[in-house]
Amino acid sequence: MKQILGFMVTAVILSVIGFMLGSYQTDVYRKVLLWVTLALSYNFLFGIAGQVAFSHFTFYGIGAYAIVILIFQVGLPLPLAILATVAICVVLALVVAIPATRLDGFYLALATLAFAQLFIVVLDEGGTVTGSAGGLANYRLPDVFGMQVSGPWYTVVIVLLMLATLAILWRLDRSYFGRACRAVRDDSEAAQAMGVNVARTKIIAYTITSALAGIAGMVYAFVDNTVNPPIFGLSNSFLLLFMVIVGGSGRHAGAIVGAVLLYLMPLVLSPIIGHHHALVFGVFMVAVVLFQPKGVIGIWDWLQARIGSKA
Amino acid sequence: MKDFLELTVGALASGCIYGLAALSYLLITRPTGIINFAVGEWSMLGAFGGFLLLSRFNLPYPVGIALILLGMFLIGWLTERLTVRPLVERGAPPLAPILALLGMLVVFREVVSLVFGPDPQPVPPAFGFGRLELGPVAGSYQSFFIIAVTLTVFAAVWYFFERTLAGKSFEAVAIDRRAASLMGINLRRVTAFAFAASAVVAGLAGILVAPNVSAHYLMGLPLAIQGFTALVIGGVGRVEGALLGGVILAFVEQLTVRYLPIPPGLAMGVPLVLLILFLLLRPTGLLRAREARA
């Protein structure tokens with residue numbers, strides 16, 4: 001009950017912020033929320049289930065492309081298109097997960113990297129369906145019951161998406177399934193011996209998180225009202241991984257902190273030091289792995305312990 | 001048939017480049033289990049070394065190459081010293097060095113883009129831009145040079161692993177780290193040398209391929225992907241596998257572009273499909289690692 005209240009208050013606060021921003025700020029705010037959403041689900045896949053997959057951002061792209069193609073090329077009404085997109089994401093995630101999760105360690109990373117590259121090749125060669133290299137643009141969200149959801153109200157949709165993702169992952173993490181995922185990550189043989197179905201746990205973790213990424217992509221499609229191959233390239237998959245690591249992998253708060261920090265860092269730094277911000281980013285990344293393996297959230301824990309021990 | 005022979009030398013040369021990139025992964029992965037995604041960036045550093053010493057300072061080719069390879073040796077050694085060793089000694093999880101190296105990838109790339117700018121820079125080939133014809137087989141001087149150098153490198157590495165004591169100590173570490181260390185093999189030295197050698201091989205691949213593609217700060221990623229595709233095809237267990245995988249990959253690429261009736265963009269997907277198929281159906285690659293011998 002208390003948690004539900006907490007989520008509702010957060011939803012109201014985050015939505016109200018959305019109504020107070022100018023157009024540039026709105027754009028940044030929406031993207032931060034979307035990155036947080038993605039980092040949360042990726043954190044579950046990478047940090048909690050321990051799967052180093054580079055396909056997460058690809059599912060974001062699949063969701064975005066699917067909804068646009070279904071509405072504007074196939075001509076489905078919006079509610080049906082949403083359902084179909086979710087179905088496509090779940091089915092595709094399953095199709096990838098069943099063979100891919102059999103691979104361990106960096107073989108999974110390589111296979112999903114290849115899948116991510118393959119997605120870009122398909123987008124580039126998709127002709128009029130995917131708009132090839134130029135992508136699809138000049139569309140806008142269809143009316144729902146004669147109403148156009150736009151401006152700050154669309155920001156509210158993103159806020160709800162982020163919180164719903166957090167709520168789902170929060171519940172999952174605290175369930176039998178979440179503990180099974182952590183057990184498989186730490187020692188799959190021991191988990192097997194304790195009666196955890198390792199293969200099924202891996203497949204479900206991959207499918208749920210990838211489908212969540214796809215749903216986030218579906219919402220993203222109407223933020224910039226354009227989808228094109230460079231957006232969904234490999235560099236963003238790596239960025240997502242960095243976000244989770246910098247924030248503190250395996251922790252929801254870590255994913256949120258990491259996503260906000262790394263998304264805002266270039267925006268803050270590039271007016272000051274220009275393109276050097278990318279170098280700062282790389283050095284920062286190495287420094288975190290070397291000196292703060294628990295991520296930025298680890299500093300917070302340390303501070304809390306210090307204050308706690310003094311009081 | 002003439003068409004096919006035309007293609008052979010070029011394909012072999014690119015296969016050799018992929019093979020060198022794969023060897024660069026293998027030299028690190030085999031003894032340490034670490035996959036170093038920064039291999040492509042090391043090649044880029046080699047290529048820019050070529051631009052600096054050969055194009056700008058006009059050093060003689062052998063001198064320039066020697067200096068670059070020495071520099072690569074130091075870069076590899078320093079990379080291990082600064083980012084990998086502290087993590088290994090602290091007993092960090094195996095993923096940590098891989099992530100640190102991923103961060104180093106960004107650092108290398110951005111340093112180069114800041115120093116040299118975003119434009120591609122020329123690197124001269126070893127013997128000018130001539131064309132050599134040996135009966136029906138023909139190709140550029142550089143292609144033949146690439147093939148010759150790569151074969152020499154692989155022969156030397158093969159000899160090192162199979163015939164020298166130092167090489168056997170690498171193989172021992174690859175088979176069983178703990179037992180090797182108990183036998184008095186210095187794990188630190190093996191790891192440091194593996195990184196240095198890997199950087200030298202990657203840098204060499206960069207210098208060799210640069211005359212065709214120019215030195216560019218984004219040239220690393222495609223090479224890194226082709227390198228590990230070659231590695232997966234050939235198998236991580238054997239040195240020859242890297243070369244075999246590289247050559248197979250290059251021929252598949254060239255043959256699909258030339259003969260398959262699909263648009264050239266889609267042909268770029270063929271190696272990726274090949275990679276996925278190999279990972280799923282034969283993750284050990286074509287050549288299996290030797291079993292530990294009694």
Side-chain angles (χ1 to χ4, degrees), chain A residues 46 50 52 54 96 98-100 102-127 132-133 185-186 229 233-235 238-239 241-242 244-246 249 273-291 293, chain B residues 25 29 33-35 37 79 82-84 86-87 90 92-114 117-118 218 221-222 224-225 228-229 231-232 236 262-281 283-284:
Chain A
F46 167 76
V52 191
F54 289 112
V96 177
I98 291 172
R102 283 189 3 230
L103 304 166
D104 33 54
F106 78 90
Y107 288 110
L108 174 71
L110 297 186
T112 48
L113 206 62
F115 174 68
Q117 287 286 86
L118 209 54
F119 176 61
I120 301 296
V121 170
V122 171
L123 290 186
D124 276 331
E125 293 303 316
S132 299
R185 174 196 65 186
D186 291 338
L234 269 184
S235 54
F238 285 122
L239 180 58
L241 176 68
F242 289 158
V244 170
I245 293 161
V246 165
S249 84
I273 53 172
H275 191 63
H276 289 68
H277 73 81
L279 180 59
V280 174
F281 172 80
V283 173
F284 185 59
M285 178 64 207
V286 177
V288 167
V289 176
L290 283 178
F291 304 116
Chain B
Y25 282 109
T29 305
I34 294 171
I35 184 94
F37 284 106
T79 307
L82 294 177
T83 60
V84 177
L87 290 169
R90 202 201 294 146
L95 192 60
I98 298 175
L99 298 174
L101 288 166
L102 211 52
M104 287 307 288
L105 180 160
V106 179
V107 173
F108 288 137
R109 192 177 64 202
E110 295 308 327
V111 166
V112 167
S113 94
L114 286 175
L218 291 176
L221 186 67
I225 293 179
F228 71 58
T229 307
L231 184 70
V232 167
V236 285
I262 54 176
L266 267 188
M268 279 165 50
V270 172
L272 299 168
V273 174
L274 196 67
L275 171 61
I276 293 175
L277 285 179
F278 261 93
L279 281 170
L280 296 179
L281 302 178
T284 51

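Sequence lines set the chain letters: A, B, ... in the order given, protein chains first and strands last, and positions in each chain run from 1. Side chains are part of it too, since the values below use all heavy atoms of this structure and drop only hydrogens, waters and symmetry mates.
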Indicate yes or no: at least one non-hydrogen side-chain atom of Val283(A) is less than 4.5 angstrom from one of Glu110(B). no
Contact class of Leu234(A) relative to chain B, heavy atoms under 4.5 angstrom: side chain
Please classify the contact between Ile35(B) and chain A as side chain, backbone, both or neither, with a heavy-atom cut-off of under 4.5 Å. side chain
Under 4.5 Å from any heavy atom of chain A, what part of Arg90(B) do you find: side chain, backbone, both or neither? side chain
Could you look at Thr229(B) and say if it's the side chain, the backbone, both or neither that has a heavy atom under 4.5 Å from chain A? neither
Measuring from Leu113(A):CG to Phe238(A):CZ, what's the distance to the nearest 0.5 Å? 5.5 Å
Is chain A contacted by the side chain of Leu99(B), its backbone, both, or neither, given a heavy-atom distance below 4.5 Å? both
Between Pro293(A) and chain B, with a heavy-atom cut-off of 4.5 Å, which part of the residue counts as in contact: side chain, backbone, both or neither? side chain
Is Leu290(A) in contact with chain B via its backbone, its side chain, both, or neither, using a 4.5 Å heavy-atom distance? both
Which atoms of Leu103(A) are under 4.5 Å from chain B, going by heavy atoms: the side chain, the backbone, both sets, or neither? side chain
Any side-chain heavy atom of Leu95(B) within less than 4.5 Å of one from Phe46(A)? yes
Between Val236(B) and Tyr107(A), is there a side-chain heavy-atom distance shorter than 4.5 Å? yes
When heavy-atom pairs shorter than 4.5 Å are enumerated against chain B, which of Val280(A), Val52(A), Val121(A) gives the highest number? Val121(A)
Which atom pairs, one a donor and one an acceptor, fall under 3.5 Å between side chains of residues 100-108 of chain B and the rest of the protein, sequence neighbours left out?
none

If you round to the nearest 0.5 Å, how far is CG of Leu110(A) from CD1 of Ile225(B)? 10.0 Å
If one checks every heavy atom of Leu241(A) against chain B at 4.5 Å, the contacting part turns out to be side chain
side-chain contact (heavy atoms from CB on, under 4.5 Å) involving Ile276(B) - partner list, sequence neighbours excluded: Ala114(A), Leu118(A), Leu280(B)
Leu275(B) and Phe228(B), any side-chain heavy atoms less than 4.5 Å apart: yes
Pick one of side chain, backbone, both or neither for Phe37(B), based on which atoms fall under 4.5 Å of a heavy atom in chain A. side chain
